[in-house]
Amino acid sequence: VTCFSSSPARVPTPVTSRLMGYRIHIVDDSSHLVDLIEFMLDDAGAEVSSSCNGAIGVTEVLRARADGEPYDVIIMDMMMPVMDGYAAATALRQGGVTQPIVALTAHSMSDDREKCDAAGCDHYIMKPINPATFVAEIEEIIRAGS
C-alpha cells in the first residue's frame, strides 16, 4: 500500500547484495524522504515498500504478517498525521509483530528515546539521515535480529 505517486524511472545501478532477500517497510509521510530511503535500500538489494501514515502502515504490516510474508524491519517516522509512529508501533506490538521497528525522528532528547522504547521501537535513527551510514545501520539491525 502506498500513498505517494510512483517515483520517476531511474537509471538502473548495480545492486549490492548487502540486503538481498530482506523485506523492509517504511512508514513516513514525507514522500521525499521515502524516495531517498527506498533508493538507498533498493540499491542494497532489499525489497522495499512504504505507507504514508501510521494507520496505513499498521494495516500493511499486519496484512503481510497474516499472509506469511512478514517484513524483516519496519522503519517508522514518529511524527505523522492520522496515526503517529508511537501509536503505530504500539499497535504493531499489540498485533504480535516481533520484527525490529526503527524509530525515525528529528527529536534527540532522552525522553524522546524513552517514549520510542515505550511504544515498542527497538532502534532509533535521527533525522536527517546520514546517507553514508544509513544502509549499514539497517543492515546491522537486521543481522542482530537474525
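Reckoned from all heavy atoms, side chains included, excluding hydrogens, waters and symmetry mates.
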>> Is any side-chain heavy atom of Gln99 closer than 4.5 Å to one of Val73?
In response: no

>> Using the rule side-chain contact (heavy atoms from CB on, under 4.5 Å), only one of Asp84, Ile26, Leu92, Val58 pairs with Met76; which is it?
In response: Leu92

> Going by atom types alone, do Ser50 and His25 pair a side-chain donor with an acceptor below 3.5 Å?
Replying inline: no

> Would a hydrophobic clustering, with Ile, Leu, Val, Met, Phe, Trp and Tyr connected at side-chain separations under 4.5 Å, put Val82 with Met79?
Replying inline: no

> Out of curiosity, Ile75 CD1 to Glu137 CD, how far, rounded to the nearest 0.5 Å?
Replying inline: 10.0 Å

> With sequence neighbours excluded, what pairs up with Glu47 under the salt bridge (charged side-chain N to carboxylate O under 4.0 Å, His left out) test?
Replying inline: Arg23

>> Rounded at 0.5 Å granularity, tell me how far CG in Asn53 sits from OG1 in Thr59.
In response: 9.0 Å

> For the atom pair CE (Met40) and CD1 (Ile24), what is the distance rounded to the nearest 0.5 Å?
Replying inline: 10.5 Å

> With no hydrogens and no angle check, is any side-chain donor or acceptor of Asp122 less than 3.5 Å from a backbone partner on Ile101?
Replying inline: yes

>> Minimum heavy-atom separation for Cys116 and Ala103, please, with both atom names.
In response: SG-CB, 3.7 Å

>> Any non-hydrogen side-chain atom of Met78 less than 4.5 Å from a side-chain atom of Cys121?
In response: yes

>> Determine whether Val102 and Ile141 satisfy the following criterion, side chain to side chain contact (heavy atoms under 4.5 Å, CB included), listing intermediate values before the conclusion.
In response: CA-CA 9 Å; Val102 179; Ile141 289 165; 3.7 Å; yes

>> Run the salt bridge (Lys or Arg N to Asp or Glu O under 4.0 Å) test on Arg143 and Glu140 for me, step by step, so that the C-alpha distance in whole Å, both residues' side-chain angles and the decisive distance to 0.1 Å come before the verdict.
In response: CA-CA 5 Å; Arg143 301 263 187 257; Glu140 184 177 312; over 6 Å; no

> Mind checking whether Ile138 and Phe134 have side chains closer than 4.5 Å, heavy atoms only?
Replying inline: yes

> How many angstroms lie between CD in Glu38 and CG in Asp43, if you round to the nearest 0.5 Å?
Replying inline: 11.5 Å

> Side chains of Val61 and Val97: closer than 4.5 Å at any heavy-atom pair?
Replying inline: yes

>> I'd like to know whether Ile129 forms a side chain to side chain contact (heavy atoms under 4.5 Å, CB included) with Leu33, so could you lay out the CA-CA distance, the side-chain angles of the two residues, the decisive distance to 0.1 Å, and finally the verdict.
In response: CA-CA 9 Å; Ile129 63 169; Leu33 185 58; 4.1 Å; yes

> Quick one: do Lys127 and Asp28 make a salt bridge, cutoff under 4.0 Å?
Replying inline: yes

> Heavy atoms, side chains only, cut-off 4.5 Å: are Leu104 and Ile37 in contact?
Replying inline: yes

>> Could you measure the distance from the OH atom of Tyr86 to the OG1 atom of Thr105? Nearest 0.5 Å is fine.
In response: 5.0 Å

> Between CG of Asp117 and CG of Asp111, what distance do you get to the nearest 0.5 Å?
Replying inline: 11.5 Å

> How close do His123 and Pro100 get, heavy atom to heavy atom, and via which atoms?
Replying inline: CD2-CB, 4.2 Å

> Is a side-chain donor or acceptor of Asp67 paired with a backbone partner of Glu69 at a separation under 3.5 angstrom?
Replying inline: no

> Do Arg65 and Tyr71 have side-chain heavy atoms sitting under 4.5 Å apart?
Replying inline: no

